[in-house]
Amino acid sequence: MKAMDRRSALKLGAVAAMTPVLAQLVACGPGGGSGGGSANPTGPITLENIRDFVVGIDEPVELEDGSTRTAICFDNAATTPALVPVMNAVADELRMYGSIGRGFSQKSDHSTELYEATREKALSFLGADPETYTCFYANSATDGLNKLASALVESEKTVVLTTRLEHHSNLLPWRERCKVICAEMDDQGRIIYEDFEKQLKENKVDYVTVTAASNVTGYVTDVHRVAKLAHAHGAKIVVDGAQIVAHRAFSMVGETPEENIDFFAFSAHKMYSPFGGGAVVGLTEVLNEHMPEFYGGGTVRIVADDWVTYKEPPESYEAGSPNYPGVVGLGKAIEVLQEVGFDAIQEHEQALVRKMVDGLLAIDNIVIYGDTEDTTDRVGVVSFNTPDINTHVLAKRLASSYAVATRRGAFCAHPYVWRLMNIPDNDVRGFLECVDVNTAGMLRVSFGIYNTEEEVEEFLQALPEAIKLAQADAEFYSRAEPAY
């Protein structure tokens with residue numbers, strides 16, 4: 001490893017410590033939390049009984065009129081609820097929690113062993129050969145992508161090719177550091193792969209970075225096809241895996257070596273572990289040639305008054321005290337998803353998407369974004385709009401009157417959303433001084449493995465009523481402008 005002189009400026013950083021209050025988990029012990037149909041469910045976990053293993057799934061919420069109702073969570077693309085096995089694993093492992101890596105105690109040895117073993121589990125989860133790839137932990141996909149960008153981009157002249165579909169987390173870390181160009185999308189919002197090749201031919205691209213699945217339309221990117229194009233033109237590929245890991249099986253390995261993925265970032269909080277965990281799996285050789293802009297304890301071999309030498313990956317990417325509960329939760333979430341099976345998850349999710357899209361098409365004055373005929377290349381995300389009312393008002397009404405959790409806005413993918421809504425950049429500038437209720441946006445429903453067709457039916461039945469209530473809501477609607 002080169003020392004710090006590879007950077008013109010230093011930034012002190014450390015992996016943030018855990019913030020959730022975990023003492024209650026320890027006090028309750030394994031199985032002591034609020035689960036679904038059973039306080040301490042046991043046995044094999046399948047789609048048929050998954051609701052028994054979701055924390056808080058039957059927890060009632062209070063509605064505007066003072067009554068209570070069991071909530072329907074259709075906001076899983078933002079964050080998923082915790083699984084009971086995840087909660088239990090964290091509570092159990094905290095009993096043997098010790099310092100990671102440098103302590104001299106039985107608890108430290110135990111914690112370090114589990115911490116390192118979870119790296120191997122993450123590599124296996126993504127089909128990554130440990131002889132070629134390493135895994136470093138992050139607080140989230142956002143944190144991981146920022147670390148990658150801070151390490152890989154060493155010049156403003158670096159060229160990164162991305163798409164119009166990207167989440168801000170896979171756009172801004174690159175855009176703030178170097179030149180970013182974009183492959184275009186078609187009228188349905190899908191990536192135009194031919195434009196990828198065109199951009200690669202016309203530009204000397206260093207890195208290609210793409211989302212594995214859109215958080216707006218749910219489109220799944222053929223990342224191995226993109227990888228082959230990138231490698232043919234001498235570029236490395238980075239994949240934002242936040243929206244794919246809980247929905248479909250993913251492999252770093254393609255059908256040919258040219259199709260292999262170089263770097264992949266993902267978040268645990270989108271795969272049923274709420275403890276701020278995440279990871280990046282990437283090429284060890286390449287990571288070893290770079291250094292992220294995060295320095296501190298755990299990353300160094302020796303520090304003297306005027307020189308320093310750093311460890312190799314993954315340690316050089318993990319400054320500060322590790323998020324041990326996040327790592328424990330991540331590992332257990334991987335186990336549960338593999339136990340349920342991604343073939344079953346995908347089939348179930350496709351049925352929910354089809355039912356939701358068909359139901360929305362039957363409601364007057366609903367605009368659905370993305371292809372409504374072929375939904376096979378979509379994970380469980382459906383975004384829509386109604387010209388009758390701003391979706392900020394509608395989302396509030398769905399929550400306050402029907403206990404349905406959705407997401408409203410531009411979903412941290414503003415450029416993509418504005419294009420889908422046909423809003424020109426000059427009009428977007430007008431949103432700067434607006435409160436949410438006066439800003440354009442979509443309403444998104446997104447599914448988890450525990451959602452049911454009955455919940456979709458309940459939502460579709462409530463939606464027309466919610467629209468009418470929102471139209472009559474003077475407090476909000478009198479201040480709202482049409483959605484587009």
Side-chain angles (χ1 to χ4, degrees), residues 126-128 132-133 138 141-142 144-186 189-217 219-245 250-266 280-287 289-290 292 377 413 415-416 419:
L126 298 175
T132 304
Y133 295 95
T142 300
L145 289 164
N146 272 277
K147 285 183 176 178
L148 273 180
S150 74
L152 299 179
V153 177
E154 294 189 323
S155 168
E156 293 181 356
K157 296 180 180 179
T158 298
V159 178
V160 172
L161 172 60
T162 187
T163 79
R164 298 297 185 190
L165 282 66
E166 302 308 313
H167 189 279
H168 296 164
S169 297
N170 196 34
L171 179 64
L172 298 182
W174 310 100
R175 209 164 79 176
E176 290 294 322
R177 292 178 168 89
C178 64
K179 179 180 180 180
V180 173
I181 57 178
C182 293
E184 295 296 338
M185 67 186 213
D186 64 18
R190 288 189 175 97
I191 294 170
I192 302 175
Y193 292 97
E194 292 75 14
D195 196 48
F196 253 115
E197 189 164 17
K198 177 176 179 290
Q199 296 286 352
L200 285 164
K201 287 179 179 178
E202 294 178 355
N203 301 275
K204 179 60 178 74
V205 174
D206 298 288
Y207 298 99
V208 170
T209 185
V210 297
T211 182
S214 167
N215 73 322
V216 179
T217 54
Y219 287 138
V220 176
T221 306
D222 188 347
V223 294
H224 293 292
R225 178 180 178 181
V226 176
K228 186 175 182 179
L229 291 171
H231 293 148
H233 291 85
K236 292 287 192 291
I237 181 171
V238 177
V239 174
D240 173 3
Q243 294 294 337
I244 200 73
V245 285
F250 188 91
S251 176
M252 300 291 285
V253 180
E255 293 183 1
T256 66
E258 293 77 19
E259 295 180 352
N260 292 351
I261 305 304
D262 300 316
F263 305 96
F264 183 90
F266 64 104
V280 173
V281 170
L283 294 172
T284 305
E285 183 179 6
V286 177
L287 291 175
E289 295 171 353
H290 299 272
D377 64 341
Y416 187 35
R419 280 176 172 80

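Side chains included, hydrogens not; waters and symmetry mates left out as well; all remaining heavy atoms used.
- Nearest heavy-atom pair across Arg190 and Asp377 is NE-OD2, 2.7 Å.
- For the pair Tyr219 (side chain) and Ala212 (backbone), a donor-acceptor distance under 3.5 Å is absent.
- Of the possible donor and acceptor atoms, none in the side chain of His290 sits under 3.5 Å from a partner among the backbone N and O of Leu148.
- When each of Val281, Ile237, Leu152 is tested with Phe263 by the rule side chain to side chain contact (heavy atoms under 4.5 Å, CB included), just one qualifies, namely Leu152.
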Run the numbers on Phe196 and Val205 for side chain to side chain contact (heavy atoms under 4.5 Å, CB included), then give the verdict. CA-CA 11 Å; Phe196 253 115; Val205 174; over 6 Å; no

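- Inter-residue side-chain proximity for Phe264 and Leu126 is flagged as met; some heavy-atom pair is nearer than 4.5 Å.
- A 4.5 Å side-chain heavy-atom check between Val208 and Val160 finds every atom pair outside the cut-off.
- Minimum heavy-atom separation, His168 to Pro173: O-CD, 3.4 Å.
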Go through Thr217 and Tyr416 one step at a time and tell me if the side chain to side chain donor-acceptor pair (under 3.5 Å) criterion holds. CA-CA 10 Å; Thr217 54; Tyr416 187 35; 3.0 Å; yes

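- Contact detail for Cys178 and Val153: the closest heavy-atom pair is CB-CG1, 3.7 Å.
- With values rounded to the nearest 0.5 angstrom, Lys236 atom NZ is found 12.5 Å from Ile261 atom CD1.
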Run the side chain to side chain contact (heavy atoms under 4.5 Å, CB included) test on Arg177 and Asn146 for me, step by step, so that the C-alpha distance in whole Å, both residues' side-chain angles and the decisive distance to 0.1 Å come before the verdict. CA-CA 10 Å; Arg177 292 178 168 89; Asn146 272 277; 4.2 Å; yes

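- The salt bridge (Lys or Arg N to Asp or Glu O under 4.0 Å) search around Lys204 returns none, not counting sequence neighbours.
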Given the rule in the side chain to side chain donor-acceptor pair (under 3.5 Å) test, do Asn170 and Thr209 qualify, once you have shown the distances and angles that lead to the verdict? CA-CA 7 Å; Asn170 196 34; Thr209 185; 2.6 Å; yes

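- Separating the CD atom in Glu197 from the CD1 atom in Ile192 is a distance of 13.5 Å, to the nearest 0.5 Å.
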Side chain to side chain donor-acceptor pair (under 3.5 Å), that's the test. Do His231 and Asp262 meet it? Break it down for me. CA-CA 10 Å; His231 293 148; Asp262 300 316; 2.8 Å; yes

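- Rounded to the nearest 0.5 angstrom, Glu255 CD and Lys228 NZ are separated by 9.0 Å.
- Under the side chain to side chain contact (heavy atoms under 4.5 Å, CB included) test applied with Leu145, the options Val280, Asp240, Val239 reduce to a single match, Asp240.
- At a threshold of 4.5 Å between non-hydrogen side-chain atoms, the residues Phe266 and Ile244 do not count as touching.
- Ser155 contributes atom OG, which lies 12.5 Å from atom NZ of Lys179 (distance to the nearest 0.5 angstrom).
- One distance of note links OG of Ser214 with CE of Met185; it measures 10.0 Å at 0.5 Å rounding.
- Residues satisfying the side chain to side chain donor-acceptor pair (under 3.5 Å) criterion with Gln199, sequence neighbours excluded, are Asn203.
- The existence of a salt bridge linking Glu202 and Lys198 is confirmed by a sub-4.0 Å separation between a basic side-chain nitrogen and an acidic carboxylate oxygen.
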Please determine whether side chain to side chain contact (heavy atoms under 4.5 Å, CB included) holds for the pair Val253 and His224, giving the CA-CA distance in whole Å, both sets of side-chain angles, and the decisive distance to 0.1 Å. CA-CA 8 Å; Val253 180; His224 293 292; 5.9 Å; no

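- By the 4.5 Å heavy-atom criterion applied to side chains, Leu287 and Tyr133 are not counted as neighbours.
- Not counting sequence neighbours, the partners of Glu184 by the salt bridge (Lys or Arg N to Asp or Glu O under 4.0 Å) test are Arg164.
- The heavy-atom pair separating Thr142 from Ser169 by the smallest distance is OG1-OG, 2.6 Å.
- Ion pair Asp206/Lys157 not flagged as a salt bridge, since none of the NZ, NE, NH1 or NH2 atoms sits closer than 4.0 Å to an Asp/Glu carboxylate oxygen.
- Going from atom CD of Glu285 over to atom CG of Leu283 covers 8.0 Å, rounded to the nearest 0.5 Å.
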Tell me, with the steps shown, if Glu194 and Arg225 meet salt bridge (charged side-chain N to carboxylate O under 4.0 Å, His left out). CA-CA 11 Å; Glu194 292 75 14; Arg225 178 180 178 181; 3.7 Å; yes

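- Ion pairing between a basic and an acidic side chain is recognised when a charged N comes within 4.0 Å of a carboxylate O; Glu156 and Arg175 show no such pairing.
- Between Val216 and Ala413, the closest heavy-atom pair is CG2-CB, 3.8 Å.
- Residues Phe250 and Val223 form a side-chain contact, since some pair of their non-hydrogen atoms from C-beta on lies under 4.5 Å apart.
- Of all the heavy atoms in Leu171 and Pro415, the pair that sits closest is CD2-CG, 4.2 Å.
- Counting only distance, with no hydrogens or angles, the side chain of Thr221 and the backbone of Thr211 share a donor-acceptor pair below 3.5 Å.
- For the pair Thr162/Trp174, no side-chain contact is recorded, criterion being any heavy-atom separation below 4.5 Å from C-beta on.
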